[in-house]
Amino acid sequence: VRDKVVAEGVTLITHANNKMFFERALNTPRTLLTDRLAKAPQKVKIETVGAKRVYSDGTRTVEFHHVMPTPHTNGMLVALIPKERILFQADYTLPAAGQQPNDHVRALVTFLEKTKLDFGTFIPVHAPAAPLTKADVFAAVGKPAP
């Protein structure tokens, strides 16, 4: 995957705290001499986000927000698509019914309370089959959605 992402010229969007890690991980010398990146070496393209960064093509907008503090990483981002009221994130998995939330989910809810991001649909990368909502996120920590 690394050789394809970098070789295709894909721009990686990440929090500024992650930049050095990705530069080291994706710009290391190639050991598989037959992959695309070994044949045409190039550096990874990285754009960083601080507290917030907004991208728009004139029709759609996506906002990246830095979730802080969180015990998982100091470089966690969530993506909000405001028009559609969708919040997307990669690592927060809501607990199964009857299970207690972990500290990561608690930190996410604290962040959402502080920032008051307006979303109706919650899409985690590690998604269950059923759609999730803002109410589901807050219910995971025993709170009503604002």
Side-chain angles (χ1 to χ4, degrees), residues 1-32 35-38 40-96 99-143 145-146:
V1 173
R2 172 176 92 164
D3 67 306
K4 292 177 184 174
V5 170
V6 177
E8 289 293 327
V10 172
T11 300
L12 176 65
I13 299 170
T14 189
H15 188 267
N17 292 340
N18 300 326
K19 184 178 182 186
M20 186 183 302
F21 168 80
F22 282 114
E23 285 175 337
R24 287 181 179 168
L26 300 176
N27 291 333
T28 56
R30 309 303 300 151
T31 57
L32 299 173
D35 73 16
R36 291 174 15 187
L37 197 52
Q42 59 182 308
K43 300 286 186 189
V44 64
K45 295 177 190 173
I46 298 175
E47 288 187 20
T48 60
V49 175
K52 177 182 176 182
R53 187 158 184 182
V54 178
Y55 291 88
S56 178
D57 66 0
T59 303
R60 294 275 192 269
T61 299
V62 62
E63 302 174 0
F64 288 92
H65 295 266
H66 182 215
V67 181
M68 221 21 215
T70 177
H72 186 58
T73 176
N74 68 355
M76 179 62 69
L77 297 175
V78 293
L80 176 69
I81 306 171
K83 184 177 179 182
E84 291 80 3
R85 298 183 61 239
I86 296 171
L87 184 70
F88 174 83
Q89 63 73 41
D91 278 343
Y92 298 107
T93 302
L94 300 185
Q99 299 296 311
Q100 292 297 312
N102 61 35
D103 290 341
H104 312 298
V105 172
R106 291 182 195 282
L108 175 63
V109 170
T110 299
F111 166 79
L112 293 172
E113 289 173 326
K114 178 181 170 188
T115 59
K116 300 181 181 0
L117 294 183
D118 182 26
F119 68 99
T121 302
F122 176 69
I123 302 175
V125 168
H126 309 290
L132 296 172
T133 65
K134 184 177 191 175
D136 295 325
V137 175
F138 281 80
V141 296
K143 294 183 177 184

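Just so it is clear, the model here is predicted, and its values are computed rather than measured. Throughout, residue positions are numbered sequentially from 1 according to the sequence presented.
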#### Entry: Note, Val78 side chain near Leu80 side chain (heavy atom, < 4.5 Å)
no
### Query
Where do Val109 and Val137 come nearest, in terms of heavy atoms and distance?
CG2-O, 3.7 Å
### Message
Could you report the tightest heavy-atom contact between Ser56 and Thr61, atom names first, then the distance?
### Response
OG-OG1, 3.5 Å
### Query
Quick one: does NZ or CZ of Lys134 land under 6.0 Å from the six-membered ring centre of Phe119, within 45 degrees of the ring axis?
yes
### Query
Got a second to check how far Leu77's CG is from His65's NE2, nearest 0.5 Å?
10.0 Å
### Task
Check whether any side-chain heavy atom of Val105 sits under 4.5 Å from a side-chain heavy atom of Leu94, and report yes or no.
yes
### Task
On the 0 to 90° scale, with breaks at 30° and 60°, tag the Tyr55-Phe64 ring pair as parallel, tilted or perpendicular.
perpendicular
### Task
Identify the heavy atoms of Asp103 and Pro71 that sit nearest to each other, and give their distance.
CB-CG, 3.8 Å
### Query
Is the shortest heavy-atom distance from the side chain of Leu26 to the side chain of Lys43 under 4.5 Å?
no
### Value rounded to 0.5 Å, distance of CZ in Phe122 from CG in Leu108
5.5 Å
### Task
Answer yes or no: is there a side-chain heavy-atom contact under 4.5 Å between His104 and Asp91?
no
### Taking every non-hydrogen atom, the tightest pair across Pro101 and Ala140
CG-O, 3.2 Å
### Task
Give, for atom CZ of Phe111 and atom OG1 of Thr70, the distance between the pair rounded to the nearest 0.5 Å.
10.5 Å
